[in-house]
Each structure stands twice: as C-alpha cells, then as structure tokens.
Amino acid sequence: MTVHLLSAASLTPGRLWSLIAALAGVIGVVVGGLALARSRSGDTRRGAVVALTAGLLGMAGGAFVVAAAKGGPGTGYGIVGGFVALVIGLIAAALGGLALSRRASYRAG
C-alpha cells in the first residue's frame, strides 16, 4: 500500500480555498476591530456590516473545505486551514455584530 502525501509547498485546491476563506476572515477581524474601536463616533455601520459579511463568508468557506476534505491533516485537502478559517470567521462575525449592537445602543441612548 502506497500513501502519497503532498509536500507542504504544493498549493492544492483545498488549501487555496481555506487560504481564501481565512483571508476573508482576517479582513473581517481588522475591519470589525476598527468599527468597534470607533463605535462611539456613530460612523461604523458600514464597517460593522463588512466585518459581519466577511466573517460569515470566512466561516462558510471554512465549513465547505472541512466538509469536502477526504483526509486528515497533511493530506493536502486543507482541513487545518478550514478549521482556522472557521475560527477567524467566527471572531470577525462576532466583532461585526458587537459593533452593530453598540452602534444601536449609542443611538438609542
């Protein structure tokens, strides 16, 4: 029985998709952090929505990679990157949602 493991240098489609999903999540974390830091100024709706959307896209991409993976870590399917994208996307979505809720509470108060 031969096992063909891909080298760490090769960029497989699974690894590429998990990289794209993680990048969307990182963009969402940065924009959500900025929106949260500026939530008192009142001009954060766009940033919060972008962070929430990017976080959801990162989570969806990560979930797709994890669901489509046919092997474990090191097989080239990008499962580790998919889990990383899920976590980063969750953080981005939480920051975007928190910025939106703080914006709404500052407007109400």
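In this text the structure is predicted, and so the values were computed from the model without any measurement. What you see below is based on every heavy atom in this structure, not just the backbone, and it leaves out hydrogens, waters and symmetry mates.
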Engineer: Any idea which heavy atoms bring Tyr77 and Ala69 closest together, and the distance?
Structural biologist: CB-CB, 3.8 Å

Engineer: Show the nearest heavy-atom pair for residues Ala54 and Ala24, with the distance to one decimal.
Structural biologist: CB-O, 3.4 Å

Engineer: Check Gly25 against Ala92 and note the closest heavy-atom contact, atom names and distance.
Structural biologist: O-CB, 3.6 Å

Engineer: What heavy-atom pair brings Ala93 and Leu52 nearest, and what distance separates the two atoms?
Structural biologist: O-CD1, 3.4 Å

Engineer: Using the side chain to side chain contact (heavy atoms under 4.5 Å, CB included) rule, pick out the option among Ile91, Leu90, Val84 that qualifies with Val87.
Structural biologist: Ile91

Engineer: Among Ile, Leu, Val, Met, Phe, Trp and Tyr joined by side-chain contacts under 4.5 Å, find the other residues sharing a cluster with Leu57 and list them by chain and number.
Structural biologist: none

Engineer: Roughly how far apart are Leu19 CG and Thr12 OG1, rounded to 0.5 Å?
Structural biologist: 10.5 Å

Engineer: Between Trp17 and Val65, what is the shortest heavy-atom contact and its length?
Structural biologist: CB-CG2, 3.7 Å

Engineer: In Å and rounded to the nearest 0.5 Å, what is the CG to CG distance from Leu36 to Leu98?
Structural biologist: 5.0 Å

Engineer: To the nearest 0.5 Å, what is the distance between CZ on Arg15 and OG1 on Thr75?
Structural biologist: 7.5 Å

Engineer: Which atoms form the tightest heavy-atom contact between Gly28 and Ala51, and what is the distance?
Structural biologist: O-CB, 3.3 Å

Engineer: Checking one residue: Ile27. Which other hydrophobic residues are in its cluster under the side-chain 4.5 Å linking rule?
Structural biologist: Leu23, Val31, Val50

